[in-house]
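The structure appears below as structure tokens.
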Amino acid sequence: MAMASLMGSKKWLSFSFSFLLLLLLLVGVYAAGVQSNDGSDTRTLEKEQLLSSENSTMAVSLEDVEEKLSKHAVDDPEEVVAMVAESIRNSTERRKLGYFSCGTGNPIDDCWRCDPNWQKNRKRLADCGIGFGRNAIGGRDGRYYVVTDNRDDDPVNPRPGTIRHAVIQEEPLWIVFSRDMVIQLKQELIMNSFKTIDARGYNVHIANGACLTIQFVTNIIIHGLHIHDCKPTGNAMVRSSTTHFGWRTMADGDAISIFGSSHVWVDHNSLSHCADGLVDAVMGSTAITISNNHFAHHNEVMLLGHSDSYTKDKQMQVTIAYNHFGEGLIQRMPRCRHGYFHVVNNDYTHWEMYAIGGSANPTINSQGNRYLAPTNRFAKEVTKRVDTAAGQWKGWNWRSSGDLMLNGAYFTPSGAGASASYARASSLGAKSSSMVGAITSSAGPLACRRSRTC
């Protein structure tokens with residue numbers, strides 16, 4: 001209809017250049033656009049704007065209008081189609097959540113962050129886990145314990161109100177903080193089962209001393225801490241429960257040490273600058289999720305598996321999801337032994353030697369990650385088989401699926417193309433690697449404030 005109107009108007013313009021007839025032309029174009037029900041109204045209004053912008057002549061042809069519109073076309077229409085499809089998918093997922101304006105595509109965060117009353121509903125976090133550690137409930141079924149005192153004067157007889165007093169209790173506890181604080185631990189913070197450390201709402205650092213030990217316990221959630229500059233400690237008495245304390249030999253200086261434990265979830269923490277590992281899981285530990293953390297400035301980032309000879313680690317299952325491996329990292333993101341490891345939708349922006357390594361025939365399923373290789377042309381490979389001949393590791397099940405390789409990064413796969421082992425190392429559905437930037441944009445502790453979405 002708009003086309004017919006313009007053609008008729010062109011005939012009138014050929015007889016007269018009067019302002020009145022031009023005005024009639026514009027009215028006709030507008031009317032045609034309003035009456036159309038097939039989406040041509042927008043196109044008609046665009047033509048009207050182009051016509052009104054022509055000050056040099058009033059004799060504007062239909063061909064001139066079409067030429068001007070064509071300048072707004074994209075070179076690759078398929079790219080726009082893909083963008084629209086992606087927007088639809090994101091929108092659909094957000095609507096499922098019931099919080100259209102808040103959903104990010106990160107399934108953990110979208111489970112709880114959209115709630116402006118998150119502070120009153122803190123324990124909802126325990127229902128938002130994913131991956132192998134999804135059943136870690138921490139202190140969900142217990143009372144709140146508020147840490148009011150940042151001191152750690154006596155690791156054997158900790159005073160009430162301190163974090164050490166909280167974590168050694170026998171009952172389930174959801175541990176929160178009364179204010180910003182820096183906690184310098186004299187000795188390892190040895191945790192009892194069914195505990196959540198939840199630092200949301202405050203800036204809480206565990207730094208410049210000993211750090212966290214999760215040993216022979218279950219159901220632990222660590223959320224929202226800054227853990228850095230951890231140092232070796234030990235050769236001292238340390239309390240591990242209300243009824244037991246004992247002699248501790250030297251600790252390595254890990255940020256988080258998981259030893260013979262299960263159902264552990266480490267989420268939204270910042271970890272850096274420690275004497276040994278940032279997260280180490282050994283001695284048969286399993287059912288672990290490490291998610292939404294920001295790792296930086298460290299050499300040996302993550303060790304999963306005690307030794308090549310310790311075969312009980314074959315039961316180990318670890319999900320590593322939505323983390324940002326950032327500035328100043330060298331290797332072990334992670335370094336795996338024996339078990340099943342799902343590395344999914346992480347953002348690797350820095351490494352100096354390699355990103356993912358292993359020995360002793362681990363199964364590694366890398367899906368939907370973004371790997372940005374360093375400028376060093378000898379460090380482009382994502383993977384490293386540690387101290388193992390190619391004749392041995394060619395049978396190990398390592399694969400890359402849907403990963404985005406940047407700046408020359410490459411993943412060396414091995415093993416069966418479609419093996420049941422990969423299914424056992426799949427703990428959740430991977431999203432497209434194109435979404436990694438958005439999914440991991442909030443990695444590390446969140447700036448949560450009362451009565452606002454977090």
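When reading the values below, keep in mind they use all heavy atoms of this one structure, side chains included, and skip hydrogens, waters and symmetry mates.
Between the side chain of Asp152 and the main chain of Lys186, a donor-acceptor pair closer than 3.5 Å is present. Ser285 places a side-chain N or O within donor-acceptor distance of the main-chain N or O of Gly260, the cut-off being under 3.5 Å. A donor-acceptor pair is defined here as one N or O able to donate and one able to accept, closer than 3.5 Å; such a pair exists between the side chain of Asn106 and the backbone of Ile108. The backbone N or O of Lys431 sits less than 3.5 Å from a side-chain atom of Asn345, completing a donor-acceptor pair. Judged by distance alone, with hydrogens and angles left aside, the side-chain atoms of Asn192 form a donor-acceptor pair with the main-chain N or O of Ile168 at under 3.5 Å. No donor-acceptor pair closer than 3.5 Å links the side chain of Thr319 to the backbone N or O of His342. When atom types are taken as modelled, the side chain of Asn269 and the backbone of His226 share no donor-acceptor pair closer than 3.5 angstrom. Using a distance-only test at 3.5 Å, with no hydrogens or angles considered, no donor-acceptor pair links the side chain of Asn150 to the main chain of Met181.
Remark: Asp308 engages Arg337 in a salt bridge (charged side-chain N to carboxylate O under 4.0 Å, His left out) (not counting sequence neighbours). With sequence neighbours excluded, no residue forms a disulfide bond (SG atoms under 2.5 Å apart) with Cys336. Partners of His294 according to the ring pair (Phe, Tyr, Trp, His ring centres under 6.0 Å) rule, which considers only residues two or more places apart in sequence or in another chain, are His324. Partners of Arg335 by salt bridge (charged side-chain N to carboxylate O under 4.0 Å, His left out), not counting sequence neighbours: none found. Evaluation of the side-chain hydrogen bond (donor to acceptor under 3.5 Å, both in side chains) rule for His205 yields Asn203, His228 as partners, not counting sequence neighbours.
At most 12 non-hydrogen atoms from other residues, nucleotides or ligands lie less than 6.0 angstrom from NZ of Lys312.
Taking the six-membered ring where the residue is Trp, His165 and Tyr145 present tilted rings, their angle falling between 30° and 60°. Under the 30°/60° scheme for interplanar angles, the aromatic rings of Phe325 and Phe295 are found to lie parallel. Using bins of under 30°, 30° to 60° and over 60° for the plane-to-plane angle, the ring pair Tyr310/His306 lands in the perpendicular bin.
A donor atom on one side chain and an acceptor atom on the other are found under 3.5 Å apart for Glu381 and Thr412. Donor-acceptor pairing under 3.5 Å is lacking for the side chains of Gln215 and Thr213. Gln367 and Asp403 share no side-chain donor-acceptor pair at under 3.5 Å.
Under 4.0 Å is where a charged nitrogen must lie from a carboxylate oxygen, and between Arg159 and Asp154 no such pair does. The pair Asp198-Arg122 meets the salt-bridge criterion, with a side-chain N (NZ, NE, NH1 or NH2) lying under 4.0 Å from an Asp/Glu carboxylate O. Between Asp127 and Arg140 there is a salt bridge, with a side-chain nitrogen of the basic residue lying less than 4.0 Å from a carboxylate oxygen of the acidic one.
Annotation: salt bridge (charged side-chain N to carboxylate O under 4.0 Å, His left out) contacts involving residues 417-427, sequence neighbours excluded, are absent.
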Subject >> Chi angles and distances behind the ring-ring contact (aromatic ring centres under 6.0 Å, His included) call for Tyr202, Phe177 >> reply: CA-CA 7 Å; Tyr202 293 105; Phe177 298 83; 8.1 Å; no
